[in-house]
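Heads up, the thing below is written out as structure tokens.
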Number of protein chains: 2
Amino acid sequence: MKNKKNELTKNQKIVLDCIQKSNKPVKAYSILSNVSKKGLKAPPQVYRALEKLIEVGEVHKIESLNSFVACNSKCIEPNGTIFSICKSCDQTTEVSNVALAKFLSDFKDMNGTQFSGFNLELFGTCKSCKT
Amino acid sequence: MKNKKNELTKNQKIVLDCIQKSNKPVKAYSILSNVSKKGLKAPPQVYRALEKLIEVGEVHKIESLNSFVACNSKCIEPNGTIFSICKSCDQTTEVSNVALAKFLSDFKDMNGTQFSGFNLELFGTCKSCKT
DNA sequence: AATAATTTGTTATATTATAACACTATCTTC
DNA sequence: GAAGATAGTGTTATAATATAACAAATTATT
Ligand SMILES: [Zn+2]
Ligand SMILES: [Zn+2]
Ligand SMILES: [Zn+2]
Ligand SMILES: [Zn+2]
């Protein structure tokens, strides 16, 4: 059974808040040091919150950076994520492109079976790193 | 400048051989224990070989698994990788689909700028895990 | 209130990856 | 082929990322 009100718990809110305030993907131990003043003092507290936040879709993990970002709420496909990542500064944005999301969601393997999820990471150079 | 003969070195060959012999993505420390009898006894030896092998395209890293696979030599796009990963057993295969690879390579950001690379991980259930 | 389920706090440890340094082998250029 | 540059090696130590395990506290259900 879930939380009756289906709300985030205290620790989950603290961690989510920390991630949302960053304009870049945040690392777990960076979160930990940022929220230590709020009482979260050990890695499991952060990792447990992250696990739940990811599960409910509030947070995504950027696998190639071992970092975490808040969902920009424009997730088109519930089972897929698309990110644009700056190779130079790690600035990351969630890509909302209907055609691309649909293409990936509809993609089937050799046997014609659809995949249940996907994660796409696009690498490039962000605006401010170009100048 | 590179190795004149552009060949892999002893350690690189040992590590590549180990990866190629596996039918699943291999973890760095698993490689380490597998090749310890061949003289590679410390993590940096494995990680340095991996770095080079990835650089030359012989090996890819599966980011979501922190594991490594040998390139199946069918890389369509030099700057992009596509993998199909079984959520149940981690069995991974490199996907060679021209349409998908082209779609991803040609994809442009909001400003019309092309990305320099991509990595797509497709999650599903492999044949043997379905039965 | 009793029970069950979830969340939390805490300690310890596992796993993944790199820094730093001395040394060796190989390549380049003269 | 010697001098210098580059790349690879071996080694020790340590950094960075993530989870196991268990006890205590909180919240939900009966
Ligand atoms: Zn999202
Ligand atoms: Zn940038
Ligand atoms: Zn490949
Ligand atoms: Zn499987």
Side-chain angles (χ1 to χ4, degrees), chain A residues 1-19 22 24-56 58-69 90 92 119 121, chain B residues 1-19 22 24-69 85 90 92 119 121:
Chain A
M1 286 293 148
K2 302 205 152 185
N3 194 330
K4 188 181 192 177
K5 296 185 278 182
N6 236 56
E7 273 180 5
L8 297 176
T9 65
K10 177 173 136 272
N11 286 4
Q12 289 158 10
K13 280 181 196 160
I14 291 171
V15 168
L16 177 57
D17 185 61
C18 172
I19 298 174
S22 169
K24 276 193 191 179
V26 215
K27 294 189 167 279
Y29 276 71
S30 159
I31 295 171
L32 180 57
S33 71
N34 285 337
V35 301
S36 65
K37 48 201 157 201
K38 296 193 176 166
L40 285 83
K41 287 170 188 160
Q45 296 178 289
V46 169
Y47 279 103
R48 282 193 291 229
L50 285 172
E51 184 182 29
K52 188 60 182 291
L53 291 167
I54 289 170
E55 186 189 320
V56 301
E58 289 284 355
V59 165
H60 303 300
K61 180 173 185 182
I62 310 296
E63 294 288 355
S64 64
L65 299 176
N66 292 321
S67 300
F68 304 87
V69 293
D90 292 347
T92 295
N119 179 45
E121 301 187 351
Chain B
M1 284 294 146
K2 304 205 152 185
N3 194 329
K4 188 179 192 178
K5 297 184 277 181
N6 235 57
E7 273 180 7
L8 298 176
T9 65
K10 176 173 134 273
N11 286 3
Q12 289 158 8
K13 279 181 198 163
I14 291 171
V15 168
L16 177 57
D17 184 60
C18 172
I19 298 174
S22 169
K24 276 194 191 179
V26 214
K27 295 188 166 280
Y29 276 71
S30 159
I31 295 171
L32 180 57
S33 71
N34 285 336
V35 301
S36 65
K37 48 201 157 200
K38 295 191 178 168
L40 286 83
K41 287 171 188 158
Q45 297 178 289
V46 169
Y47 279 102
R48 284 193 290 229
L50 285 172
E51 185 182 29
K52 189 59 183 293
L53 291 167
I54 289 169
E55 187 189 319
V56 301
E58 288 284 356
V59 164
H60 303 301
K61 179 174 185 181
I62 309 297
E63 294 288 355
S64 64
L65 299 176
N66 293 319
S67 300
F68 305 87
V69 292
I85 303 170
D90 293 347
T92 296
N119 179 46
E121 300 187 351

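In what follows, chains carry the letters A, B, and so on, assigned in the order in which the sequence lines appear, proteins first and then strands, with residues in each chain numbered from 1. Note that the structure is predicted; figures quoted are calculated from it, not measured. Scope of the values below: all heavy atoms of this structure, side chains included, with no hydrogens, waters or symmetry mates.
Comparing atom distances between the A/Phe68 side chain and each of D/dA18, C/dC21, C/dA17 picks out D/dA18 as nearest. Considering only the side chain of B/Ala42, D/dT11 comes nearest among D/dT11, C/dT8, C/dT16. Checking D/dT11, C/dT16, D/dA18 against the side-chain heavy atoms of B/Pro44 singles out D/dT11 as nearest. Distance from the side chain of B/Pro43 is smallest for C/dT18 among the nucleotides C/dT18, D/dC22, D/dT17.
Computed from coordinates, the B/Asn66 CG to D/dA18 P distance equals 7 Å when rounded to whole Å. Regarding B/Lys52, its NZ atom lies at a distance of 14 Å from the C1' atom of C/dA25, rounded to whole Å. In this structure, the NZ atom of B/Lys61 is 8 Å from the C1' atom of C/dA17, given to the nearest Å. Put simply, CD on B/Gln45 is 6 Å from C1' on D/dG10, counting in whole angstrom units. Distance, A/Leu40 CG to C/dT10 C1': 12 Å, rounded to whole Å. Look at OH on A/Tyr47: it is 18 Å from C1' on D/dA21, rounded to the nearest Å. Following rounding to the nearest Å, A/Ile54 (CD1) and D/dT17 (C1') show an atom-to-atom distance of 13 Å. In this structure, B/Glu7 places its CD atom 18 Å from P of C/dA25, rounding to the nearest Å.
An OP1 or OP2 oxygen of C/dA17 is reached within less than 4.0 angstrom by no side-chain nitrogen or oxygen of A/Lys27. Note on A/Lys10: a side-chain N or O is less than 4.0 Å away from OP1 or OP2 of C/dG9. Side-chain nitrogen and oxygen atoms of B/Thr9 include none within less than 4.0 Å of the OP1 or OP2 phosphate oxygen of D/dA7.
Side-chain atoms of A/Ser36 come within 3.5 Å of backbone N or O of A/Ser33 as a donor-acceptor pair. With hydrogens and angles ignored, the 3.5 Å screen pairs no side-chain donor or acceptor of A/Asp17 with any backbone N or O of A/Lys13.
Contact record, A/Leu32 with A/Lys41: CD1-C, 3.8 Å, taken as the closest heavy-atom pair. When all heavy atoms of A/Ile19 and A/Phe68 are compared, the closest pair comes out as CG2-O, 3.8 Å.
Between the base of D/dA18 and the side chain of A/Tyr29 there is a donor-acceptor pair shorter than 3.5 Å.
The shortest distance between side-chain heavy atoms of A/Ile31 and A/Leu40 does not fall below 4.5 Å.
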